[in-house]
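The structure appears right after this line, and notes come after that.
On a predicted model such as this, the values are computed, not experimentally measured, just so you know. The figures that follow rest on heavy atoms only: side chains count, while hydrogens, waters and symmetry mates do not.
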Amino acid sequence: MRAAISRTITGALTSHALRDLRRGWNALARRLRGRMAEIHYFHQSDDPYSHLTAQTLAKLAARYNVAVVPHLASPPDDGAAPERERLAAWSLRDAGALASRLGLDWPDHPVPPTRDAVAAANAGLAAALATPDFAARAVAIGAALWRGDGAALTPHAVDGNAEAAAKAMAEGAKLREEKGHYLGGTFFFEGEWYWGVDRLHYLEARLRGAGLAKGADEGLIAPVKDVELTAQPTNGARPELHFFFSFRSPYTYISVPRVRRLAKHYGADLKLRFILPMVMRGLPVPRAKSMYIMRDTKREADRVGLPFGRIVDPVGLATERGIAVLNHAIPMGRGPDFAESFLRAVWSEGVDATTEAGLNTIAARAGLQPEVVAAALLDDSWRAPAEVNRQELFSMGLWGAPSLRVNDGPGYWGQDRLWLIERDLIAATEAK
C-alpha cells in the first residue's frame, strides 16, 4: 500500500499535466492583474554561483519582457548544506570551470572572503536593492569580494549599513522559504525554481514559450553542456572511471546511462563505488530540498530522454538490499546492468525493492537469478567497501552522489559536470 501511494503521489507531482496547469494559472493571473512578468532573483554574497549568476541579470532583463526583482539571501542552513566546508571548497573550483565555459568573470585565484568582507558586501548589496542598477553593482561587489580587493569593495559599502543588510537578508530568506527554496543564486518565476547558470536555459525556454522574448533569437545566455562522444581515443589507454553513486540519488539515476556511454566510448574501466545516501549517514534532507530535487530531476530526465516520476523511495532497507546484490553482481560482470535496472525501477517504475518480487524483477533484467539475490541478501560484506568509498570520496573534497573522477585526477560532483569528466577522458586517451 505504501508503495502504491508513493508512486501515485510522486507521479502526479512530476506530471507535465500538473506543471502545465500551474503555468497556465500563473500566466492567467498575471494577465488578469495587468502586471508585468516578474522574476525573483535571490543573491547570496558569499556564494560563488551567485556571482556568476549576477552577471546574467542584465542580459535577462534586456532580452525578455520581465522585471527582475532582486533579493538578498542568507546561506542555506546546515540541513540543506550538511558538508558546508567541502561545499565551499568545491564551489570555488567549480565556479572557475563554469566561468571559463560561459565566458563569465571569475578570478584565477579566488580568495575566500572574510566575515568583515562579506558584511561590507552585504551592506553595499542592500543599498543597491532600491536602485535600477543592482545587477551592475552586484557584479562589481562580487568581483571585489572574490579577489580579496578591500579597496575596491569599501566604496560600495559606504551607502549601506549592517542593520539594513540584516533586514534585507531576513526578508529575502523569508520570501525564499515561503516560495520553497533554500539556496542563493536562484530564480523564481511563477511557481517554479531555477538554480544558477546551470538552470538558466530552462527559465529562458519558459519565457520564450510564454511569448516574453523581446526580439530575434540571440541564443541562450548560458547554454547547457553535456557529453558529446565525438572525439576518438588514439593511444590505446584504458583509464579508470571511478563512479561514486547512491541508489537514493535521483541524479545518479539520470547519470548512469551517460556514464556508461562515456566508459564504453573512451574504453574506460568503469569502477562502481557505491555509498550509502546522506540521510542514512545521519544527514537529513529538508523537505524544500527534496521537492526541488524531485522536480529538477524530472526536467533533467526529460532533457536526456529518460522516464522519471513514479517513485518508491529506496531509503533504508531497499538501498541496503540493492547494494548487497550489487556487491555480488560486480564480480560477475553484471554490476552496471544491475545498478541501472535498480535505479530505473525505483525512480521511474514505482518498484518496491524491499519486496522479494520487486528485487527479483530488478535483478532478472540484469541477468541475475533469484538464487544470486538470495545469497547476496545473506551477505553484509558490502558494508566495508561502502565505508571505504565514502572515505575516499571525502578525501577528494566531495561528499555527495553522483561524483566521478578519471584515474587519480580531480573529482567532480554532479551529473551536470559529466562534460568535465569527458574532458579528462579525452586527455587520458589522447582522443581527437
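Defined by atom type and a distance below 3.5 Å, a donor-acceptor pair is present between the side-chain atoms of Ser249 and Thr252. No side-chain N or O of Tyr251 forms a donor-acceptor pair with one of Asp416 less than 3.5 Å apart. For the 3.5 Å distance criterion, the side chains of Glu204 and Tyr64 qualify, holding a donor opposite an acceptor.
Atoms CG and CG, on Leu28 and Leu32 in that order, are 4.5 Å from each other to the nearest 0.5 Å. Note that OG of Ser348 is 12.0 Å distant from CZ of Arg7, once rounded to the nearest 0.5 Å. Rounding to the nearest 0.5 Å places CD of Glu240 at 5.0 Å from NZ of Lys271. Between Gln369 atom CD and Asn360 atom CG the span is 9.5 Å, to the nearest 0.5 Å. To the nearest 0.5 Å, atom CG of residue Leu125 and atom CD1 of residue Ile141 are 4.0 Å apart. For the atom pair CG of Leu72 and CD of Gln44, the computed distance is 10.5 Å after rounding to the nearest 0.5 Å.
Ring geometry, Trp90 versus Trp413: the interplanar angle exceeds 60°, so the pair is classed perpendicular (tilted spans 30 to 60°). Ring geometry for Phe42 against Trp193 counts as tilted: the plane angle lies between 30° and 60°, on a 0 to 90° scale. The aromatic rings of Phe247 and Phe338 lie perpendicular to each other, with more than 60° between the two planes, well past the 30° mark. Taking the six-membered ring for Trp and thresholds of 30 and 60 degrees, His181 and Tyr292 have ring planes more than 60 degrees apart, a perpendicular arrangement.
Within 6.0 Å of CD in Glu178 there are more than 12 heavy atoms belonging to other residues, nucleotides or ligands. Around atom NZ of Lys167, no more than 12 heavy atoms belonging to other residues, nucleotides or ligands sit under 6.0 Å away. Crowding of Asp20 atom CG: a count of heavy atoms from other residues, nucleotides or ligands under 6.0 Å exceeding 12. Heavy atoms from other residues, nucleotides or ligands lying under 6.0 Å from CZ of Arg287 number 12 at most. When the shell of 6.0 Å around CD of Glu177 is examined, it contains 12 or fewer heavy atoms from other residues, nucleotides or ligands.
Checking side-chain atoms of Asp424 against main-chain N and O of Gly411 turns up no donor-acceptor pair under 3.5 Å. Panel note: side chain Ser6, backbone Ala3; no donor-acceptor pair is recorded below 3.5 Å. A side-chain donor-acceptor contact under 3.5 Å links Gln55 to the backbone of Asp105. Between the side chain of Arg63 and the backbone N or O of Gly219, at least one donor-acceptor pair lies under 3.5 Å. Formation of a donor-acceptor pair under 3.5 Å by the Lys298 side chain with backbone atoms of His16 is not found in this model. Checking side-chain atoms of Thr10 against main-chain N and O of Gly309 turns up a donor-acceptor pair under 3.5 Å. Put simply, the side chain of Arg390 never gets that close to the backbone of Leu276: no donor and acceptor are under 3.5 Å apart. With Asn389 contributing its side chain and Ile275 its backbone, the two residues share no donor-acceptor pair below 3.5 Å. Checking side-chain atoms of Arg295 against main-chain N and O of Thr297 turns up no donor-acceptor pair under 3.5 Å. Remark: side-chain polar atoms of His265 are paired, donor with acceptor, to backbone N or O of Ala231 under 3.5 angstrom.
Judged by the 6.0 Å and 45° rule, Arg93 forms a cation-pi pair with Tyr412. Relative to the six-membered ring of Phe394, Arg86 meets both conditions, a distance below 6.0 Å and an angle of at most 45° to the axis. Cation-pi contact between Arg206 and Tyr202: absent, since separation from the ring centre below 6.0 Å together with deviation from the ring axis within 45° is not met. Under the 6.0 Å distance and 45° angle rule, Arg101 counts as a cation-pi partner of Trp419.
The shortest heavy-atom contact between Met396 and Arg405 is SD-NH1, 3.3 Å. Of all the heavy atoms in Gly185 and Thr53, the pair that sits closest is O-OG1, 3.9 Å. Between Gly172 and His71, the shortest heavy-atom distance links the atoms CA-CB, 4.2 Å.
A heavy-atom distance below 4.5 Å is not found between the side chains of Val312 and Val351. When side chains are defined from C-beta on, Val304 does not count as touching Pro257, because their heavy atoms never get closer than 4.5 Å. Between Val373 and Glu356 the shortest side-chain heavy-atom distance does not fall below 4.5 Å. At least one side-chain heavy atom of Phe134 sits under 4.5 Å from a side-chain heavy atom of Leu129. Residues Phe243 and Leu262 are not in side-chain contact: their nearest non-hydrogen atoms beyond the backbone lie 4.5 Å or more apart. Looking at heavy atoms from C-beta onward, Leu104 lies out of side-chain contact with Leu98 at the 4.5 angstrom threshold. Between Pro75 and Asp47, every side-chain heavy-atom pair lies at or beyond the 4.5 Å cut-off.
Remark: Glu422 does not engage Arg261 in a salt bridge, criterion side-chain N to carboxylate O under 4.0 Å. A salt bridge does not link Asp77 with Lys289: none of the charged nitrogens is closer than 4.0 Å to a carboxylate oxygen. The pair Arg19-Glu192 fails the salt-bridge criterion, with no side-chain N (NZ, NE, NH1 or NH2) lying under 4.0 Å from an Asp/Glu carboxylate O. Taking 4.0 Å as the cut-off between side-chain N and carboxylate O, Glu387 and Arg383 do not count as a salt-bridged pair. Ion pairing between Arg260 and Asp337 holds under the 4.0 Å rule for side-chain N and carboxylate O. A salt bridge links Glu300 to Arg303: at least one charged side-chain nitrogen sits closer than 4.0 Å to a carboxylate oxygen.
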| Going through the distances and angles, do Asp94 and Tyr49 end up as a side-chain hydrogen bond (donor to acceptor under 3.5 Å, both in side chains)? | CA-CA 9 Å; Asp94 189 42; Tyr49 300 110; 2.7 Å; yes
| CA sep, side-chain torsions, deciding dist, call: Arg115, Asp46, salt bridge (charged side-chain N to carboxylate O under 4.0 Å, His left out) | CA-CA 9 Å; Arg115 182 176 298 181; Asp46 58 347; over 6 Å; no
| request: Take Asp313 and Arg248 through the side chain to side chain contact (heavy atoms under 4.5 Å, CB included) test and state the conclusion after the steps. | output: CA-CA 7 Å; Asp313 190 344; Arg248 208 213 173 200; 2.6 Å; yes
| field | Derivation of the side chain to side chain contact (heavy atoms under 4.5 Å, CB included) call for Leu418 and Leu404 | value | CA-CA 8 Å; Leu418 294 183; Leu404 300 99; 3.7 Å; yes
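Residue pairs meeting the salt bridge (Lys or Arg N to Asp or Glu O under 4.0 Å) criterion with at least one member in residues 341-350, sequence neighbours excluded, are Arg344-Glu349, Glu349-Arg365.
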